[in-house]
Every structure is written in C-alpha cells, then in structure tokens.
Asker: 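What follows is a single structure, and I will ask about it in a moment.
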Amino acid sequence: MAADDKPKVPEQAVQDAREALDEGFFPLEFFNDDDLHELEMERIFGQAWVFVGHESEIPEPGDYARRYIGDDTFIFVRDESGEVNLLFDSCRHRGAKVCRAEQGNTSHFRCPYHGWTYKNNGEAAGIPQKSKAFKELDREEYGLAHVPRLETYEGLVFASLAEEGPTLEEWLGDFKWYFDIHMKLPEGGMEVIGEPHRWVIDANWKTIADNFNGDSYHTAWAHGSVLDLELGGEETVGHAGTGESMDRHIHCDGHTTSIRGFEDEDVFLTYPEEVVADLFTKEGLSEGQWQVARQALSFTGGIFPNFGFLHFGDTTDDPNKDVAPFFTIRKWRPLGPDQMELWSWGLAPKNAPEEFKERMYKMYTSNFGPTGNFEQDDVPIWKGITDVAGGQFASKQGYQLNYQMGLDWMSEMDLDEEWDGPGFAYSENLEEGGMRLFHEQWYEMLAGNAREDAIGVPMNIKEER
Amino acid sequence: MKLSEREDELEQLLVEREVRQFLNYEAELLDERNLHEWFDHVADDISYRMPRRLMHENTAASFSEKGYYFNEDYGSLEARVKRFDSEYAWAERPPTRTERYVTNVVVDEYDDDEVQVTNNLLVYLSRGDSEDHSFYSAKRHDRLRRRDDTFELVDREILLNQTVLSTDNVSIFL
Ligand code: FES
Ligand SMILES: [Fe+2]
C-alpha cells in the first residue's frame with residue numbers, strides 16, 4: 001500500500017488495517033484522518049456503550065450535568081422520582097438548547113427561544129399559548145428525547161446511541177470481574193469527588209486508548225521524573241519486565257487491565273490499615289477477586305472504546321509524606337481526527353473518613369489530570385503522534401507502527417494458566433496485545449462487523465491453541 | 001487638602017508600589033523559568049490553590065468546593081518545582097514560553113507584617129515550533145508577608161476563567 005497517491009476510501013483503509021494488524025502493525029496515518037474520523041463517529045460512537053458519568057455526581061432530584069457522546073450534547077439528570085435520565089439537549093420545537101450550564105439543580109428546563117418547558121424527566125410541561133397556537137399538539141409526544149439506551153453498572157452510567165445491540169452487561173462481559181474489584185472492594189462503593197477535569201488537546205483519541213490498554217512499557221521512560229523525585233515507587237512506575245512485582249496483562253472480552261502487585265502479601269493498593277480494616281469487604285467479591293485486590297499495588301485499564309481507569313497505590317505528592325492511593329476514571333471524547341476532550345474524575349470510597357477522601361483526591365491531582373505529575377508528560381507525546389500522522393509522509397510511505405511486542409516470534413509470552421480470573425492473563429507486562437485487541441475491535445466496528453468478532457483468543461496464541 | 005494631610009493615602013500608595021514591584025519581579029522569575037529562585041519567595045506555611053471553575057446558570061464566579069487543579073503545601077509545591085529539574089519532565093522540554101501580565105493590583109488590607117492583595121493575571125503561552133499559543137486568564141488573591149526587604153508568598157488562590165482548559169497540561173505556575 002505504499003506510494004498510492006489516490007486518497008484512500010476509508011473502507012479500503014480499514015481492510016488494509018486488518019492485514020497489517022495480523023503482523024502487529026498499525027498505520028500511523030490512522031491516527032489523524034478525516035474520513036476515518038467520520039466513520040468512527042458513525043460506527044463506533046454511534047453504536048458503542050459510552051461512559052456518561054457516575055450516579056454520585058447527581059445525588060439529589062433535579063441535579064444535572066451536561067454530558068457529551070461524540071458530537072451530541074445531553075443532559076445527565078436525576079428526576080423528581082430519583083431516576084437517572086440522559087436527555088438530548090434540543091428543544092422539540094425548533095431545536096434550541098434548553099440547558100445552559102455545565103451543572104446545577106432544576107425541576108424544569110426552559111427553552112430560551114419560545115418558552116417550551118420540560119420537566120427534569122424530559123416530559124413537556126408547558127407550551128406558551130398552547131390552546132391557541134398548538135391546540136392539536138399532544139404534549140406527551142413532545143418531551144425531550146431520551147438517549148435510546150441508558151444502563152448503569154455499579155453507579156457508572158453508560159449510554160448507547162443505537163436502538164439495538166448488545167446490552168451493557170454483554171458489552172462489559174466478564175470484564176466486570178476485574179472492575180468489580182474497584183467498585184465493590186470498599187463497603188458502600190466508590191464515589192466521585194468534585195467535578196471532572198476537562199481539557200482539550202490536539203491529539204487523536206486512539207493515542208490515549210493505546211496508552212490505557214496496556215502500555216506498561218512507557219512508564220519508566222515517560223514518567224522518569226516521578227521516579228527521580230521518588231513520588232512513586234519503582235514497582236508502580238518502573239520498567240515493564242523488571243522489578244520484583246508480579247505483573248499481569250489481562251485481556252477480557254475486549255477490555256484490558258494491567259495489574260502490578262506482590263504475591264502473597266497484603267498490599268491493598270497501600271490503602272491505610274484503618275480503611276482496609278473498616279471498609280474493605282469480601283462481600284460481593286469472590287475469593288479470587290479478593291486475592292487480586294489484596295496483592296495489588298496498581299491497576300491500569302481500558303473499557304472499549306473510550307473509558308479508562310487507574311487505581312494506583314504507593315504514590316505521594318511529596319517524598320517526605322506517606323504514600324497513599326488514588327483512583328481515577330476517565331474518558332476521551334473525540335472532537336475531530338486531531339483533537340479530543342479529556343474528562344477525568346477522582347474517586348474515593350464513599351464511606352471513608354472525609355480527611356482520607358481529601359487525601360485521595362489530592363493524590364489524584366498530584367499525579368493525573370491536567371496538573372498531574374504523571375499526566376503532564378503524557379499528553380504532549382500523544383499530540384506529537386497525531387501531528388506526524390496528519391502529514392503526507394505517513395500515508396505516502398505507508399508508515400507502519402510496530403505493535404509486535406509479545407507476538408510469539410518476538411518474545412516469549414506465557415499465559416498464567418493458574419490465573420483465577422476470566423480472560424487471558426499474561427504472566428508479565430512486556431507485551432502490546434491489549435493495544436492490538438483495541439485496534440482489532442476498532443477494525444471490526446469500522447468494517448461494520450460485530451465488535452465481538454475481534455474478541456477471542458489473543459492473536460499471538462491463536463496458532464498454539 | 002494638603003499633601004501632608006493625606007498621609008494614609010501616601011502610605012497606601014507606597015505599599016501598593018512595593019507589592020506591584022514584587023508581583024512583577026515574581027512574574028519575571030516565572031517567565032524566565034527561574035523556579036528555584038521563585039521558590040525562595042515561598043513561605044514554608046504556603047497554601048497555593050487553584051479551584052476548579054464551574055459554569056453555573058446564575059453566577060458569574062462559582063468554584064468547586066471539593067475539586068481543584070492545585071491544592072499545594074510547601075512540600076508538594078517543592079516537589080513540583082524539583083520535578084522540572086529531572087531530564088524526564090517532558091512537559092517542559094523545551095520550556096513553555098510565557099509572558100505574564102499582572103494588572104488591576106488592589107491592596108485589600110495590610111499591616112506591618114502582611115499584605116492582602118487582589119490582582120489579575122494574563123499568561124500568554126507558546127509551545128513548540130508553531131504559531132500555536134494559548135492564554136490563561138485568572139484573578140488571584142494573594143497574601144504576602146514581609147521578609148527582609150522583600151516579600152514571601154503565604155497564600156495564593158488562583159481563580160481561572162476557563163472551565164474547560166485549552167492547554168495540554170498545566171506545567172507552569174500561575
Ligand atoms: S425552540 Fe424551544 S420553544 Fe421554540
Ligand atoms: Fe503515562
């Protein structure tokens with residue numbers, strides 16, 4: 001596919017991607033292409049389960065927050081009966097936006113254009129001059145539109161713009177086994193602290209998806225400053241494939257998580273002993289999940305397509321202070337082929353002492369978010385990738401990026417056959433299969449196939465099985 | 001009124017001038033990325049905060065009660081300063097080019113030890129070898145403490161105007 005001067009139709013480009021992926025390659029140009037972006041919006045973001053927010057962000061009736069799925073604006077709102085809704089923010093009369101703030105509390109949304117008024121469950125409540133002007137109009141049919149599908153998993157609200165397709169339950173599949181560890185470990189669950197950080201960066205959304213789907217290889221290098229300053233321990237930040245920790249890369253039903261920890265030790269992500277003793281509970285967790293939680297020092301992961309999380313222990317904002325954990329969830333919202341808006345939330349166990357929650361939030365902002373000592377250094381890198389992907393050279397040369405780490409002819413990659421959880425667990429973290437899995441699903445959805453076509457036995461062990 | 005009868009005003013003017021001189025000097029240190037020298041002017045009981053701006057329907061200036069970008073004490077601020085000495089602090093390699101404009105300096109209160117001052121800050125940022133640039137605009141509430149013939153920063157609250165940031169990261173001090 002080198003030296004093809006004609007602009008490639010996306011369909012063909014997508015076909016090429018499939019073949020390249022089998023060899024562990026992905027074309028650089030795919031990180032910045034207008035046509036592919038359009039296709040992604042339609043076939044991925046128009047179909048997938050996309051994260052909206054956590055229920056704890058809108059605890060009271062009338063609480064709302066403006067949220068986005070791809071290019072569409074919604075109101076994430078708890079109605080008077082306590083139900084969570086996701087309403088399309090467009091008046092049924094002439095389409096004006098009825099929600100003007102980023103968040104707030106209201107019983108009604110009033111359209112500024114001609115005054116149609118909607119209850120916070122979307123129902124049309126008032127139409128000025130109705131009896132004269134719209135006498136035949138049935139109010140019941142003219143409420144704000146609800147997103148076709150809205151589902152909640154452990155307080156995390158996801159929506160799909162598609163009327164049909166897999167349920168959220170099916171979409172997450174067995175990966176819930178891993179995510180439950182985070183959400184169910186503390187009695188009372190997790191809650192969001194404050195409001196999400198939002199910032200717009202000139203980078204393609206797939207660059208961050210790559211990173212969260214198992215880039216253990218970058219940490220010691222990209223985040224060397226954190227190591228230098230001793231703000232994070234060697235086992236949290238250090239090189240993939242080295243160190244004393246037990247490292248696992250897990251691929252499960254299209255989603256991934258990287259785990260570092262210590263075998264047969266009570267680590268519990270360095271949560272303080274009181275929190276572990278008072279709040280952490282085996283209830284809702286299997287023995288295997290409890291074991292993972294107990295031994296874990298850090299988790300990174302991605303839920304396809306645009307949800308990521310980090311639950312890290314052993315970090316600090318100051319080398320003279322004790323280490324503490326943080327937990328962040330995030331989404332990357334594409335704004336164009338070369339731009340995304342990052343959304344990032346800090347969480348803490350709901351029933352933890354207030355002081356400790358503040359400490360956890362502090363650990364989050366010190367490490368991640370726009371000011372984070374880690375994240376400051378990630379973002380400009382993703383921007384650079386997007387930049388070089390957008391030029392002529394990448395497409396003219398058919399410039400391929402190497403995702404071969406962990407493929408059987410590149411390195412010895414063993415599966416941990418003893419592993420208790422679902423999916424495939426690699427016995428170390430020097431592999432890039434999570435990213436290949438991400439791109440495989442990207443390929444299948446863009447090609448108009450079911451995402452599940454990509455989910456099965458990881459590529460590098462297909463032959464052996 | 002004779003000048004001699006306006007002593008209070010004169011004193012206030014002098015304090016204002018001292019404060020302005022200090023804020024300008026501080027801006028210069030930060031623009032030159034002379035971070036260690038800047039940190040020499042940070043008091044060991046510093047509280048340095050940048051709360052998250054909210055966008056509410058009826059209030060122009062509302063800020064999160066729990067959410068922030070910065071909430072630093074002496075140790076965490078020092079760690080941030082020292083981190084930029086690391087050759088791996090990629091966000092600032094090469095350093096952001098900045099110009100800070102400190103205006104609307106109003107001394108709210110003062111005594112022999114401390115001055116409470118409100119000021120506006122506009123920071124022009126330029127990165128990379130493109131025409132790309134960005135701005136931060138903020139109101140600051142600062143408390144300065146006299147030390148020798150200069151000041152040290154005891155308390156700073158940075159009230160940014162943006163609710164969605166338009167930069168890759170915040171790798172500078174405001
Ligand atoms: S557009 Fe909303 S009332 Fe007319
Ligand atoms: Fe990173």
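Throughout, a chain's letter reflects where its sequence line sits, starting with A, and its residues are numbered from 1. Predicted model only: the values in this text are computed from it and were never measured.
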Asker: Quick one, A:R66 with B:M55, criterion side chain to side chain contact (heavy atoms under 4.5 Å, CB included). Give me CA distance, side-chain angles, the key distance, then yes/no.
Answerer: CA-CA 10 Å; A:R66 181 184 271 177; B:M55 170 204 164; 4.0 Å; yes
Asker: Quick check for you: among B:S171, B:S62, B:G75, B:S166, which has the greatest number of heavy-atom pairs under 4.5 Å with chain A?
Answerer: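 The residue among B:S171, B:S62, B:G75, B:S166 with the greatest pair count is B:G75.
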Asker: Check each atom of A:K362 against the heavy atoms of chain B and say whether the ones under 4.5 Å are side chain, backbone, both or neither.
Answerer: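 Contact with chain B involves both backbone and side-chain atoms of A:K362.
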Asker: A quick test of your reading: do over 12 heavy atoms of other residues, nucleotides or ligands sit less than 6.0 Å from CD of B:E5?
Answerer: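 Atom CD in B:E5 is crowded, with more than 12 foreign heavy atoms closer than 6.0 Å.
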Asker: Check this for me: A:K383, atom NZ, are more than 12 non-hydrogen atoms of other residues, nucleotides or ligands nearer than 6.0 Å?
Answerer: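 More than 12 within 6.0 Å, yes.
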Asker: Could you pull out the closest heavy-atom pair between B:V164 and A:E341, with the gap in Å?
Answerer: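 In this case the closest contact between B:V164 and A:E341 is CG1-OE2, 3.8 Å.
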Asker: Can you say whether A:W343 sits under 4.5 Å from chain B via the side chain, the backbone, both, or neither, judging by heavy atoms?
Answerer: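 Contact with chain B involves no heavy atom of A:W343 at all.
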Asker: Checking heavy atoms, do the side chain of A:P380, its backbone, both or neither come under 4.5 Å from chain B?
Answerer: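 Contact with chain B is through both the backbone and side chain of A:P380.
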Asker: Measuring from atom CG of A:D317 to atom CG of B:L77, what distance do you get when rounded to the nearest 0.5 angstrom?
Answerer: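 Nearest 0.5 Å value for the CG-CG distance: 10.5 Å.
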Asker: Under a 4.5 Å heavy-atom cut-off, does chain B meet the side chain of A:E354, its backbone, both or neither?
Answerer: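 When you check distances to chain B, only side chain atoms of A:E354 fall under 4.5 Å.
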Asker: Classify the side-chain pair A:E195/B:S64 by whether it contains a donor and acceptor separated by less than 3.5 Å.
Answerer: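 Side chains of A:E195 and B:S64: pair found under 3.5 Å.
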Asker: Using a 4.5 angstrom heavy-atom cutoff, name the option from B:E72, B:R93, B:E65, B:E92 with the most pairs to chain A.
Answerer: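 Most heavy-atom pairs within the cutoff with chain A belong to B:E72.
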Asker: Please report the shortest heavy-atom distance between B:F84 and A:Q376, naming the atom on each side.
Answerer: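 Smallest interatomic distance, heavy atoms only, reads CZ-OE1, 3.5 Å.
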Asker: Counting only heavy atoms from other residues, nucleotides and ligands, does the tally under 6.0 Å from CG of B:D111 exceed 12?
Answerer: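 More than 12 within 6.0 Å, yes.
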Asker: If you compare all heavy atoms of B:W90 against all heavy atoms of A:W221, which two are closest, and at what distance to 0.1 Å?
Answerer: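 Heavy atoms only, the tightest pair is NE1-O, 3.2 Å.
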Asker: Tell me whether the count of non-hydrogen atoms from other residues, nucleotides or ligands lying under 6.0 Å of CZ in A:F393 goes above 12.
Answerer: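 It does not: A:F393 CZ has 12 such atoms or fewer within range.
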Asker: Would you say that A:V200 contacts B:L165 through its side chain, given a criterion of any heavy-atom pair below 4.5 Å between the two side chains?
Answerer: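 They are not in side-chain contact.
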Asker: Specify which of A:N373, A:V379, A:I381 makes the most heavy-atom pairs with chain B at under 4.5 Å.
Answerer: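 The answer is A:N373.
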Asker: Nearest 0.5 Å, please: how far is OG1 in A:T371 from CG in B:L174?
Answerer: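 Here the rounded value is 10.5 Å.
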Asker: Count the heavy atoms of every other residue, nucleotide or ligand shown that sit under 6.0 Å from CZ of B:R17, and state whether that count exceeds 12.
Answerer: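 Atom CZ in B:R17 is not packed in, count stays at 12 or less.
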Asker: Tell me whether the rings of B:Y69 and A:H197 are parallel (<30°), tilted (30 to 60°) or perpendicular (>60°).
Answerer: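 Aromatic pair B:Y69/A:H197 classed tilted.
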Asker: Against chain B, work out which of A:P196, A:G384, A:G369 has the most heavy-atom pairs shorter than 4.5 Å and name it.
Answerer: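 With the most close heavy-atom pairs to chain B, the winner is A:P196.
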Asker: Could you walk me through whether A:E102 and B:T163 pass the side chain to side chain contact (heavy atoms under 4.5 Å, CB included) check?
Answerer: CA-CA 9 Å; A:E102 194 190 9; B:T163 186; 3.0 Å; yes
Asker: Most heavy-atom pairs under 4.5 angstrom with chain B, which of A:A222, A:G346, A:C99, A:G104?
Answerer: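 Most heavy-atom pairs under 4.5 Å with chain B: A:A222.
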Asker: Report the option among B:E57, B:R127, B:R83 that has the most heavy-atom pairs separated by less than 4.5 Å from atoms of chain A.
Answerer: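 Option with the greatest count: B:R83.
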Asker: Side chain from CB out, backbone as N, CA, C, O: work out which of these in B:Y74 comes under 4.5 Å of a heavy atom of chain A, or both, or neither.
Answerer: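 It is neither, since no heavy atom gets under 4.5 Å.
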Asker: Under a 4.5 Å heavy-atom cutoff, which of B:N71, B:D168, B:D73, B:N58 has the most pairs with chain A?
Answerer: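 Of the candidates given, the most pairs with chain A belong to B:D168.
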Asker: Can you tell me which portion of A:E230 sits under 4.5 Å from chain B's heavy atoms? Options are side chain, backbone, both or neither.
Answerer: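 Neither the backbone nor the side chain of A:E230 comes within 4.5 Å of chain B.
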Asker: What part of A:Y64 lies closer than 4.5 angstrom to a heavy atom of chain B: side chain, backbone, both or neither?
Answerer: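 Contact with chain B involves the side chain of A:Y64 alone.
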Asker: Does B:R33, at its CZ atom, have more than 12 non-hydrogen atoms belonging to other residues, nucleotides or ligands within less than 6.0 Å?
Answerer: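 More than 12 heavy atoms, drawn from other residues, nucleotides or ligands, come within 6.0 Å of this atom.
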Asker: Is there a side-chain contact between B:T167 and A:W199 (heavy atoms, below 4.5 Å)?
Answerer: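 In short, these two side chains do not touch, never coming nearer than 4.5 Å.
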Asker: Which heavy atom of B:R52 sits nearest a heavy atom of A:Q103, and at what distance?
Answerer: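 Smallest heavy-atom distance, with atoms named: NH1-OE1, 4.5 Å.
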Asker: Does any heavy atom of chain B fall under 4.5 Å from the side chain of A:N320, the backbone, both, or neither of them?
Answerer: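 For A:N320, there is no contact with chain B at all, as no heavy atom is under 4.5 Å.
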Asker: With rounding to the nearest 0.5 angstrom, report the CZ to CG distance, B:R80 to A:L229.
Answerer: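 The CZ atom of B:R80 sits 11.0 Å away from the CG atom of A:L229.
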Asker: Looking at A:R198, A:H223, A:R100, which has the largest count of heavy-atom pairs under 4.5 Å with chain B?
Answerer: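 That would be A:R198.
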Asker: Side chain, backbone, both or neither: which part of A:K321 has a heavy atom under 4.5 Å from chain B?
Answerer: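 Looking at A:K321, just its side chain touches chain B.
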Asker: Is B:N169 close to A:E375 at the side-chain level, that is, under 4.5 Å between some pair of heavy atoms?
Answerer: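 Heavy-atom side-chain distance check fails, nothing below 4.5 Å.
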Asker: Do B:Y88 and A:D377 have side chains that get closer than 4.5 Å, going by heavy atoms?
Answerer: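 B:Y88 vs A:D377: side chains apart.
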